[in-house]
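Numbered from 1 within each chain, the chains take letters A, B, ... in sequence-line order.
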2 protein chains.
Amino acid sequence: MSAPTLADVAELAGVSRQTVSNAVNNPDLLRADTLARVQQAIDELGYKPNRAARNLRTRASHLIGLRITPVQEGTASVVMDRFVHSLVEKSGEAGYHVLLFTDALEDDPLTGYDELLRSTAVDAFVVTDTYLGEGQAAWLRERRAPFVSFGRPWDDDNARHPWVDIDGAAGTELATRHLIEKGHDRIAWIGWKKDSVLGEERRSGWLRAMHEAGLPTTGLASRVEDAVNSGCSAARVMLAEAGPTAFVCASDTLAIGVMHTLAERGLQAGDDVAVVGFDDSQVAQTVWPGLTSVRQPLEEAAVELVKALEGLLATPSQVGPGVMLTPTLEVRGTSGPDRR
Amino acid sequence: MSAPTLADVAELAGVSRQTVSNAVNNPDLLRADTLARVQQAIDELGYKPNRAARNLRTRASHLIGLRITPVQEGTASVVMDRFVHSLVEKSGEAGYHVLLFTDALEDDPLTGYDELLRSTAVDAFVVTDTYLGEGQAAWLRERRAPFVSFGRPWDDDNARHPWVDIDGAAGTELATRHLIEKGHDRIAWIGWKKDSVLGEERRSGWLRAMHEAGLPTTGLASRVEDAVNSGCSAARVMLAEAGPTAFVCASDTLAIGVMHTLAERGLQAGDDVAVVGFDDSQVAQTVWPGLTSVRQPLEEAAVELVKALEGLLATPSQVGPGVMLTPTLEVRGTSGPDRR
DNA sequence: TTGAAAGCGCTAACAG
DNA sequence: CTGTTAGCGCTTTCAA
């Protein structure tokens with residue numbers, strides 16, 4: 001009735017338990033015929049090593065912890081969904097499973113880490129949202145907890161942990177150049193408040209592209225909350241005061257807000273005023289006439305993170321350089337026609 | 001350097017290892033003063049029981065497995081994101097963590113289950129998408145694997161496992177009644193193909209509400225793929241041939257398609273023609289002028305699933321009745337004004 | 001109420 | 001190349 005153990009397989013194959021263990025973990029140590037015999041016994045019984053026993057012995061769980069935060073209702077971004085899937089897939093290929101956890105206490109992200117760490121439930125963590133400055137990375141480093149971070153060490157100075165990140169500035173630069181090539185010269189930026197490092201980074205890409213092209217930026221930048229309404233009102237003000245012909249936004253949420261305002265003014269998104277968002281959310285994909293948007297290469301990020309994780313767990317001492325990935329641009333209707 | 005063990009705590013507290021174990025698992029067995037002494041030692045050392053050792057001994061992992069499938073790009077629904085979060089939160093409160101896995105082989109959902117099951121990596125599974133008829137439930141039951149399903153046993157006949165589901169028909173009925181109350185009498189249905197049990201169920205809610213109100217339904221129903229474009233073309237045909245004043249859709253994706261067609265015809269969603277979607281996706285929440293949509297009570301579902309899970313693991317023999325939850329309606333702009 | 005002994009299933013180390 | 005021994009950290013007897 002209960003699951004077969006090493007001993008069962010050993011008996012059936014007529015070898016010792018250790019030999020079976022070797023057959024599973026170091027097949028090359030066995031003579032071909034022994035291996036075959038053991039293998040057959042394994043198949044016959046449907047044997048799979050017991051995780052708990054193996055974990056206890058090897059002091060590893062082959063689990064990686066990922067903290068998730070609540071879905072932001074009313075915003076367009078669902079980056080997490082895609083990222084989680086990619087991460088699960090890639091870590092599965094490397095023999096790891098992903099264990100999810102949330103904050104036990106409302107506002108303290110660290111309790112969750114602490115619990116899993118102290119109970120040796122996971123081998124490592126994948127840390128996200130490092131830009132929020134919650135000190136997750138610093139805290140983990142202090143405890144010598146193995147982790148890789150999706151997000152560069154913004155605050156953290158002399159961080160010595162592997163990280164993978166996506167170059168937001170490159171994304172907005174791509175978006176802005178795209179609009180410049182379409183013939184726009186008054187391109188507005190709708191971004192987040194100044195305290196958002198991510199927001200400032202994305203803004204810098206717009207700025208760079210504009211400067212490179214010798215285009216004006218004064219009065220063309222706005223910094224607001226990440227909400228549809230904020231996008232609306234920012235666009236209203238911008239249209240009235242600066243007369244832009246295109247908008248680059250820090251998020252799809254803001255871009256949707258801009259589109260609302262255009263509709264309200266009887267302007268056609270794309271034909272009359274171009275709009276580009278950020279995140280390639282499902283909103284961007286489905287809204288009419290399709291919102292051009294910067295897409296983060298999350299699958300790639302997952303690949304790199306798992307690679308870093310494997311390296312970290314294999315040789316904890318040596319930490320490779322951070323990996324910076326470049327987003328792509330998904331061109332859709334709101335890019336509008338060529339204006340030249 | 002390494003984590004403290006029972007023995008460390010026992011030594012510090014001057015008791016036996018067993019007493020420490022009891023202090024953790026059966027505190028009421030100890031005399032108050034002993035307990036206090038042990039507790040202090042635990043705190044002092046920051047002791048947490050080692051998961052692997054405990055798992056090995058108790059033959060439990062306190063992990064529940066959840067299979068996730070790729071995000072559907074180009075559709076509006078992101079039900080999974082919200083559901084996963086709720087599930088992680090609720091199971092955390094019950095002392096369980098959620099372990100994610102994907103299909104190793106492209107099209108075989110069972111290999112993932114099999115592997116986790118045979119290696120005793122999880123205590124139970126939460127199965128979703130039972131309507132797809134992949135036979136997950138039947139397969140798991142056959143192996144006597146503990147699981148609860150989010151989704152009633154559609155095909156499965158004499159299923160004897162706990163389940164929680166959301167009454168889709170009640171959702172569309174709610175939506176349809178809402179429109180009837182607004183004064184609509186020609187309300188069209190845009191749903192999925194006939195082979196979708198979920199689609200047929202949702203359709204039946206529309207049908208029921210229409211019949212109850214004595215309204216005609218002939219020529220007012222359409223069955224298409226779940227894609228924005230399909231929603232567009234279905235709406236085009238419907239407007240031309242049946243002249244409905246409102247649409248109830250099986251998904252937000254289809255509803256968005258309908259809205260595209262309205263825009264194309266110069267019709268105002270809400271004011272001219274009402275539209276209701278299903279899933280309360282982020283698209284529904286952000287699109288202009290807000291898409292009225294049926295919202296699944298996923299948080300509640302998670303609560304019930306965890307409750308069922310706890311019951312199942314406590315007393316595997318007795319299985320309670322399935323739990324059917326009722327969705328709510330999120331009313332937004334596309335409901336339009338009162339027409340009476 | 002507390003302690004001693006045994007063993008869950010596995011693998012690392014070493015002996016043969 | 002194969003077998004023996006020991007023990008990972010915990011909990012479940014059972015005895016004191």
Q: Calculate, to the nearest 0.5 Å, the distance between atoms CG and CD belonging to L325(A) and E299(A) respectively.
A: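 It is 10.5 Å, given to the nearest 0.5 Å.
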Q. If the sugar-phosphate is the primed atoms plus P, OP1 and OP2 and the base is the rest, what is the B/S/- string for nucleotides 8-14 of chain C, using protein heavy atoms under 4.0 Å?
A. BBBBBB-
Q. Does Y47(B) have any ring pair (Phe, Tyr, Trp, His ring centres under 6.0 Å) partners at least two apart in sequence or in another chain, and if so, which?
A.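 Not a single residue meets the ring pair (Phe, Tyr, Trp, His ring centres under 6.0 Å) criterion with Y47(B).
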Q: Determine the minimum heavy-atom distance between A53(B) and L56(A), stating which atoms define it.
A: CB-CD1, 3.7 Å
**Q.** For I166(B) against Q296(B), the heavy-atom pair lying closest together
**A.** CD1-OE1, 3.3 Å
**Q.** Cationic N near anionic O, under 4.0 Å, R295(B) to E73(A)
**A.** yes
Q: Report the residue from W139(A), F147(A), Y113(A) that forms a ring pair (Phe, Tyr, Trp, His ring centres under 6.0 Å) with F125(A).
A: Y113(A)
Q: Check every nucleotide of DNA chain D for an atom under 4.0 Å from a heavy-atom of chain B, then give the first and the last such nucleotide from 5' to 3'.
A: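 It runs dG9(D) to dT12(D).
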(Q) With the threshold set at under 4.0 Å for non-hydrogen atoms, list the residues of residues 27-40 of chain A touching DNA chain D in residue-number order. (A) L29(A), L30(A), R31(A), T34(A)
Q. Which residues pass the salt bridge (charged side-chain N to carboxylate O under 4.0 Å, His left out) test with R152(B), sequence neighbours left out?
A. D165(B), E201(B)
Q: Quick one: list whatever passes salt bridge (charged side-chain N to carboxylate O under 4.0 Å, His left out) with R118(A), sequence neighbours left out.
A: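 R118(A): salt bridge (charged side-chain N to carboxylate O under 4.0 Å, His left out) contacts with D114(A).
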Q) Quick check: are there more than 12 heavy atoms from other residues, nucleotides or ligands sitting under 6.0 Å from CD of Q40(A)? A)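 Count not over threshold, so no.
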Q) So F83(B) and F150(B), would you call those rings parallel, tilted or perpendicular, with 30° and 60° as cut-offs? A) parallel
